[in-house]
Amino acid sequence: MPPRSSTVDDAEVDRFARLADQWWDTRGKMAVLHKFNPIRLNTIKQAACRRFGRDEKKLDALAGLRILDIGCGGGVLSEPLARLGASVVGADPATSNIEVAKLHAAQSGLDIDYRATTAEALADAGERFDIVLAMEVVEHVADVELFVARCGEMVKPGGMMVVATLNRTLKSFALAIVGAEYVLRWLPRGTHQWDKFVTPNELEIALERAGLRVVDQQGVIYNPLADRWQIARDMDVNYMLVAERAS
Amino acid sequence: MGSQSRARESRSQGERGAGRVPPGYKKGTMTDDPKPTRTDVLIAGGGFAGLALAIALRQGLGSSFAVTVADPAFARTGNGDGRASAIAAAARRLFETLGVWDAVAASAQPILDMVVTDSKVDDAMRPTFLTFDGEVSPGEPFAHMIENAPLIAALTQKAKAEGVTLLAEAVATFEPKAVASRLEVQLAKSGTVATRLLVAADGARSKIRERAGIASHGWDYDQSGIVTTVSHERDHHGRAEEHFLPAGPFAILPLTGKRSSIVWTESKKEAARIVALSDAEFHVELERRFGLHLGDIQAVGPRRAHPLGLSVARDFIADRIALIGDAAHVIHPIAGQGLNMGLKDVAALAEVIVDAARLGLDPGTHDVLERYQRWRRFDTAAMGVATDGLNRLFSNRSDVLRLVRDVGLGLVDRLPVLKGLFIREAAGLVGDVPKLLRGEVL
């Protein structure tokens, strides 16, 4: 391969490299996301091992499963899933995110199919997956029901979908908006709009209309003493739903 | 190591002329360096902690997870400095879970009870202030004594059987980097190894700790521990004795056969003098302290004086680096807890790495290592303070302090609940105990 000659390209690559460092610095701007990652990975992996009869202790527990990670960002969730053997498609509408994710996957020596595209476009193209993930995205989309329907379309018979999002409660306003964005400054202000948050009930109805049945739901709470997120019954703020399509 | 020699060749050719890049290597910026050997975890130091961690990781994560241990001592034979170790019940469970205990069980002497006395060297009577029946649960002694050599041999053999790569060489240096997917480590002979995590199990004067810029706080006790082995006429019946003599504790720890391991504390100067004595003079000094209750005694094997100190590393982790065992902390041997603390590090770090890797997470990242540090640092500080306090209380000629400690020990002796807690704490079974120490597989 000849060396790059265009200075524009080099500048772009430098910018993405800096962005990648930000995405992947577990103590930097994305610290909250990295702290949140183990708990959602655990839920996805457990549900997948149950659904597809895999051994949770194996390092290639997800081998051969085709997974779609919608809103993959810099690839923080896609990479561990690929490491567990899954064949991952990471989709994000932001081209810069996709460039960052590609760059980092190459550094990590992982083969991930990153695409700058949307869930709708993938559904239109007739893509099908064993597992569709919509982790921390439904609170950002314009039409939740339509989005869930298009994601659900892509779940193969016998497959599953996992959704993680924020509930629309007084508590979530206090913690996720006031707490996380204004007091603790974990997230930039304006990251979330509270009125776009979705209740578990609304989400379950949307999933059922898409032909999926909710088989598990759990709350996620932050334990400040251990500085760790953990599974809880309390679904007032962060929560995850696991839904399956009959085979 | 074919790729290594090729690697070195290509670099020297690159230096000679820009046009002479060997085929297969790109000329350019980022990918100029040829690919080094890769491993998932590189452990520097093949002592108890390093080998036990390597075995635990392979057993938990399987053959696709590459574990390498580098230690120049692998090239040496006859690992006999005559030292022995007390293996607490929790540590024994870890060795059982790893499948190495069976191989050493015959060389391990259970400690069936323990006697603590407080006296001056030539006191005819040594009043007993504390006795322990040494069982944490029926049939499970709270500790075993074992010589280091057979245990290291059993661990080395198990590590080989589990497919751990053992390299008989030292970690030369590495370049600390904040954000990178691997840490490039230079080994003395094999060249560069790119690892996701470097574990410093390289002892109290850890070179890796120093290179990573982690300070270590502590102090010297101006005491040395004289270590030797004694054979005696009568059977010890599995009894351990700790005599608090004015210069510090004198411990008689039962070994298999009619033998005991001696850990004998003196001031540094006095210890150096005693170690240098002729055999006959040494025998006199030894017998004055040992007593005649086990009949005739004879010092067998080498005798050495080890300086005593307390030090705890300010951090147990750095970017893609974790410290375990003596590299993280050295405490006073008064309570025989040094090795057991190292194995607690092993159990905690193994569990943290296995949990992360099973989620597909990179085990060398800060979040993963931070969990290990939180788990171990508080416990270590507490144990350091406790052993330091014990030593200060007991290494003393003051009669007032002697009265205080004797009343204290007498009270402990009369309160079964407190005594039970002491035994369980000494056995390593108190607090948030990692799985391996509870005898559970990862």
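Residue numbering restarts at 1 for every chain, and letters A, B, ... go by the order of the sequence lines.
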Problem - chain A contacts, top residue of Val368(B), Val354(B), Thr365(B), Asp362(B) (heavy-atom pairs, under 4.5 Å) - result: Asp362(B)
Handout entry: Structural part of Asp60(A) lying under 4.5 Å from a heavy atom of chain B
Key = neither
Handout entry: Cationic N near anionic O, under 4.0 Å, Asp355(B) to Arg371(B)
Key = yes
Exercise for the section: Please look at Lys45(A) and chain B and tell me whether the side chain, the backbone, both or neither of the residue comes under 4.5 angstrom of a heavy atom of that chain. Expected result: side chain
Exercise for the section: Decide, yes or no, whether a salt bridge links Glu440(B) with Arg93(B) under the criterion of side-chain N to carboxylate O below 4.0 Å. Expected result: no
Practice task
Sort out for me which of Ala82(A), Gly109(A), Pro80(A), Pro38(A) touches chain B most, counting heavy-atom pairs under 4.5 Å.
Solution key: Pro80(A)
Handout entry: Contacting moiety of Arg196(B), where chain A heavy atoms sit under 4.5 Å
Key = side chain
Handout entry: is_close_aromatic(His192(A), His140(A)), centroid dist under 6.0 Å
Key = yes
Problem - chain B contact via Leu81(A) - which portion, at a heavy-atom distance below 4.5 Å - result: neither
Exercise for the section: Using only heavy-atom distances, determine whether the side chains of Ser78(A) and Asp69(A) contain a donor-acceptor pair under 3.5 Å. Expected result: yes
Handout entry: Contact origin within Lys58(A) toward chain B - heavy atom pairs under 4.5 Å
Key = neither
Exercise for the section: State plainly whether the residues Arg211(B) and Glu175(B) are in salt-bridge range, i.e. N to O under 4.0 Å. Expected result: yes
Exercise for the section: Using a strict cut-off of less than 4.0 Å between a Lys/Arg side-chain nitrogen and an Asp/Glu carboxylate oxygen, indicate whether Arg358(B) and Glu56(A) qualify as a salt bridge. Expected result: no
